[in-house]
Amino acid sequence: MPERPIGILGGTFDPIHNGHLRLAIELRDSLKLGEVRLVPSARPPHRDQPSATPGQRAKWVRVAIADQPGIVLDDRELLRSGPSYTVDTLAHMRETLPDTPLCLIMGADVFAELPQWHRWEALFDYAHIILVNRPGVSQDYPRRAREVLERRRGEAQALHDSLHGAIHPCAPPPLEISGTRIRELIAAGASPRFLLPDPVLRDIMDAGIYRPAGQTPA
Ligand code: ATP
């Protein structure tokens, strides 16, 4: 019998917010995951580069999860040089966790673009995917994403019964929060309070990140 599955939530975390944190807790509890690892990417190959530095983003993850059991920071992508390819991260985790189901968590926005990722089909040799609905994001996926979902769709139990290869779609209670929205609010001089943990917001404001030059904190 494999060990309890581990959830892996990769992202830019620019900044980490309550959408990420609630998602991690809901999935840990509802799918009986052993833990959820938050994996900030250093140089995401598929999107704009983050505004905050890797050091700042990792620090915010650390303060956000400081007293939260079962949610942990995994900073291996920040310690590696070159682009952060998820398939390499999973292969690396698999070396030290040979008997643990690995479950890559991704929102519907990310899943729609999966077929453009480096060696994306090889992901299923290492991990399952937990596919999460996201408010405002269509589930009308492009053809290749739709095909792989139909071929690999599995129940929650599949995440416990095998080490890799299934896609489990689920719909945890939606929270309409994103890094983009938080950056836009701060840039406009509006308050993003309660969308993200207070210590993270304080640090962003103290350091003047996301704010146009010359603007004072709200
Ligand atoms: P940005 O707006 O900068 O793209 P983000 O919050 O969408 O920021 P990431 O930090 O890169 O993005 O997100 C990491 C992962 O968490 C992605 O798989 C994303 O789909 C998922 N995610 C982020 N926010 C939510 C949310 N509110 N509900 C469900 N999934 C989310």
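One-based numbering, in listed order, for ligands and for the atoms of each.
The option from Gly136, Pro40, Gly179, Gly19 that lies nearest to atom 8 (O) of ligand 1, judged by heavy atoms, is Gly179.
Considering both main-chain and side-chain atoms, Leu9 never comes within under 3.5 Å of ligand 1 through any nitrogen or oxygen pair. For ligand 1, one of its N or O atoms has an N or O atom of Phe13 under 3.5 Å away. For ligand 1, the polar-atom distance check against Arg134 finds a nitrogen or oxygen pair separated by under 3.5 Å.
With a 4.0 Å cut-off on non-hydrogen atoms, Leu23 touches ligand 1 through its side chain and not its backbone.
Near Gly11, meaning under 4.0 Å from any of its heavy atoms, are these atoms of ligand 1: 11 (O), 14 (C). Numbered from 1 in the order shown, with element, the atoms of ligand 1 that lie under 4.0 Å from a heavy atom of Met106 read 18 (O). Less than 4.0 angstrom separates some heavy atom of Gly10 from each of these atoms of ligand 1: 14 (C), 15 (C). Atoms of ligand 1 lying under 4.0 Å from at least one heavy atom of Val110, given by number and element, are 17 (C), 18 (O), 20 (O).
The closest approach between any non-hydrogen atom of Arg183 and ligand 1 is below 4.0 Å. For the pair His17 and ligand 1, a heavy-atom separation below 4.0 Å is found.
The distance between the ring centers of His118 and Tyr85 falls below 6.0 angstrom. Centroid-to-centroid, the aromatic rings of His20 and Phe13 come within less than 6.0 Å.
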Quiz: residues 165-177 side-chain donor-acceptor pairs under 3.5 angstrom, not counting sequence neighbours:
unit_1 : atom_1 : unit_2 : atom_2 : d
His168 : ND1    : Gly154 : O      : 2.9
His168 : ND1    : Ala156 : N      : 3.4

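Applying the salt bridge (Lys or Arg N to Asp or Glu O under 4.0 Å) rule to pairs touching residues 22-34 yields Arg22-Glu26, sequence neighbours excluded.
Using modelled atom types, no side-chain atom of Arg211 and backbone atom of Ala187 make a donor-acceptor pair closer than 3.5 Å.
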